[in-house]
Amino acid sequence: MSRIIFFGTGDFAVPSLTALVKDGRFDVLAVVTQPDRPVGRHATITPPPVKVAATILGITDVRQPETLKDAGFQSWIKSVGRSCDAFVVVSYGKILPQWLLDLPKEGVVNVHGSLLPRWRGPSPIQAAIAAGDAKSGVTIMKIDAEMDHGPILSTVETQIAPDETGSSLHDRLAVLGTEALPKTLADFLDGRVSPVEQDHASATTCKILTRDDGKIDWTRPATDIERLIRAYNPWPGCWTLVGGKRLKIHKASVIAGDDAFKPGQCFVFEKQPAVACGEGTALVLDEIQIEGRASVSGAAFVKGFTGWEDRRVA
RNA sequence: CGCGGGAUAGAGCAGUUGGCAGCUCGCCAGGCCCAUAACCUGGAGGUCGCGGGUUCGAGUCCCGCUCCCGCAA
């Protein structure tokens with residue numbers, strides 16, 4: 001059996017870890033994941049999903065170094081790492097330094113949620129939907145010194161559906177990675193697959209997202225805004241300001257607009273709230289949530305929110 | 001105990017200095033129309049989140065509790 005150590009933290013990594021453990025060809029010696037963090041409104045200390053999964057899978061050696069520079073962690077990984085065939089990194093959340101990449105015999109393998117070299121960086125799934133890409137997928141690659149830059153071992157493609165959200169694509173890609181990872185890793189370690197250099201000239205990158213990135217610019221065309229709403233659902237979410245309050249927009253539909261309305265102008269379309277966007281387009285708000293209240297349908301929102309018409313959002 | 005908003009009819013909301021529980025939509029019955037996600041008439045539907053307290057009287061004021069949510073992390 002090939003000896004590996006798994007580095008991972010988020011939900012995206014859980015199916016991959018599960019697949020490797022259950023495959024039978026790999027001995028997952030240990031799991032390295034982020035420390036338990038405060039989560040939610042009451043800042044409850046919560047273990048990362050990978051730690052929970054590792055426990056369920058019966059992996060007893062789970063390491064959660066605050067920093068990879070931690071002396072105890074370093075001495076452990078340096079002694080065990082050299083006896084490993086490979087490390088596998090999925091949604092770990094830290095950049096691995098070169099000395100660590102050099103430890104295992106065959107290097108470090110990564111699962112990335114895009115068709116590299118398109119969308120290098122920390123938000124590839126959102127980026128693909130927001131850009132209106134026809135397809136996305138998972139790339140399994142060897143990690144090198146630069147971000148998502150290493151040679152490719154295998155790729156799995158999938159079409160992006162017209163109603164695809166960041167959430168749905170995230171979940172689908174996590175499973176796609178699951179199906180490809182054990183075979184690709186085994187083939188690589190057995191020498192049946194060789195890494196292929198990326199086409200660096202056609203690379204695109206995406207950035208780390210914050211809540212502010214979800215603030216809607218109503219001067220953009222409705223098509224772009226609608227994609228952004230799907231891409232950023234559920235994280236970081238799209239929102240706007242109405243009457244000084246934050247209005248989250250979970251789901252919207254593009255309609256033909258009215259040139260008489262300036263971008264940001266609110267109106268009612270077939271009993272649903274709508275907002276004028278750029279280039280004479282408009283957006284019907286299907287599922288929205290005002291600050292402090294639960295999420296409701298647009299039609300329901302308009303019934304209780306007096307004066308939606310004649311307002312402007314910003 | 002990080003900051004803040006909320007719980008009122010099936011849905012979404014309003015409710016002023018405490019004084020008969022309201023609005024829009026939906027629902028039921030009837031009417032009108034070539035027609036309607038249109039219009040008209042009538043009707044049903046609430047233990048105002050839960051538990052205490054103040055008061056002649058509490059949706060409203062005070063105390064405690066439960067649940068939902070925005071920000072922050």
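Within every chain, numbering begins at 1; the chains are lettered A, B, ... in the order of the sequence lines, protein sequences first and strands thereafter. Values below: every heavy atom of this structure, side chains too, minus hydrogens, waters and symmetry copies.
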* Which is true for A:Lys245 with a 4.0 Å heavy-atom rule: it touches a base, it touches only sugar-phosphate, or it touches nothing? -> nothing
* Structure fact -> Whole-Å distance, A:Glu309 CD to B:rU24 P, equals 16 Å
* Asked: In whole angstrom, what separates A:Glu291's CD from B:rC3's P?
  -> 17 Å
* Asked: Who passes side chain to side chain contact (heavy atoms under 4.5 Å, CB included) against A:Gln289, sequence neighbours left out?
  -> A:Lys248, A:His250, A:Ser295
* Structure fact -> Each nucleotide of nucleotides 8-15 of chain B classed B (base within 4.0 Å of a protein heavy atom), S (only sugar-phosphate) or -, in 5' to 3' order, makes ---SBSS-
* To do: Map A:His250 and A:Gly292 onto RNA chain B by nearest heavy atom, then report which one ends up closer to the 5' terminus.
  => A:Gly292
* What is the distance from CG of A:Leu247 to C1' of B:rG5, rounded to the nearest Å? -> 15 Å
* **Rounded distance (nearest 0.5 Å) linking atom CZ of A:Arg246 with atom NZ of A:Lys215** => 9.0 Å
* To do: Would you indicate, yes or no, if B:rA72 has its OP1 or OP2 atom less than 4.0 angstrom from a side-chain nitrogen or oxygen of A:Arg211?
  => yes
* Asked: Is the distance from OP1 or OP2 of B:rC25 to the nearest side-chain N or O of A:Lys271 less than 4.0 Å?
  -> no
* To do: Mind checking A:Arg41 for me? I need base, sugar-phosphate or nothing, with any heavy atom below 4.0 Å counting as a touch.
  => base
* Starting from P on B:rA37, measure out to CD on A:Glu270 and report it in whole angstrom. => 11 Å
* **Pairs meeting criterion side chain to side chain donor-acceptor pair (under 3.5 Å) with involvement of residues 128-140 of chain A, two or more places apart** => A:Arg118-A:Asp133, A:Trp119-A:Asp133, A:Lys135-A:Glu157
